[in-house]
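Here's the structure we're looking at; comments come further down.
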Amino acid sequence: MSDWDFLHEINNHGYSAQDVADAAGCGAAPWEWEQLAKQETRTELESLQQLRTAGSITREEFLKRKAQLSR
């Protein structure tokens, strides 16, 4: 699928011009954004856990940063 076909498909699904522009900028369709955000959060939590396990951050810092990610 070409880039133009990709953007036309998003438009044909009824998404706004802003959503089409956002998709053009990031290369992902709006219906994929939620899953990508969840995956990114999981990856960040795994990184935090590794830092905690290695002793690079304190338990309190881990909990604080974990709470920020959960928002």
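Quick note: residue numbers are just sequence positions, from 1.
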Restricting to side-chain contact (heavy atoms from CB on, under 4.5 Å), what partner residues turn up for [X], sequence neighbours left out?
X   : value
Q50 : none
S16 : Q18, D19
A24 : L7

inquiry  = When you compare the side chain of Q68 with that of K64, does any pair of heavy atoms fall below 4.5 Å?
reply    =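 In short, these two side chains touch, coming nearer than 4.5 Å.
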inquiry  = Side chains of P30 and D22, heavy atoms from C-beta outward: is any pair under 4.5 Å?
reply    =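 They are not in side-chain contact.
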key: Where F6 and A29 come nearest, the two heavy atoms and their spacing   =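 For F6 and A29, the tightest heavy-atom pair comes out as CZ-N, 3.7 Å.
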Minimum-distance pair of heavy atoms, taken over all atoms of A28 and W33 =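 Nearest pair, atom of A28 first, then W33: O-NE1, 3.1 Å.
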Atom pair CZ/CZ of R65 and R52 - distance to nearest 0.5 Å =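 Those atoms lie 12.0 Å apart.
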Rounded distance [0.5 Å steps], NZ in K66 versus CD in E44 = 14.0 Å
ask   = In chain order, what residues pass the side chain to side chain donor-acceptor pair (under 3.5 Å) check against T53, with sequence neighbours excluded?
value = Q49
Candidate pair R42 and E46, rule salt bridge (Lys or Arg N to Asp or Glu O under 4.0 Å), full reasoning = CA-CA 6 Å; R42 272 193 304 269; E46 288 171 2; 5.9 Å; no
query = Is the backbone N or O of T58 less than 3.5 Å from a side-chain atom of E61, with the two atoms forming a donor-acceptor pair by type?
reply = no
query = Applying side chain to side chain donor-acceptor pair (under 3.5 Å), which residue pairs with at least one partner in residues 1-12 are found, sequence neighbours left out?
reply = S2-D5
query = When hydrophobic residues are tied together by side-chain contacts of less than 4.5 Å, even through go-betweens, does L63 share a cluster with L48?
reply = yes
query = Among the clusters formed by ILVMFWY side chains lying less than 4.5 Å apart, do I10 and L36 turn up in the same one?
reply = no
ask   = Which pairs count as ring pair (Phe, Tyr, Trp, His ring centres under 6.0 Å) when at least one residue sits in residues 51-71, sequence neighbours excluded?
value = none
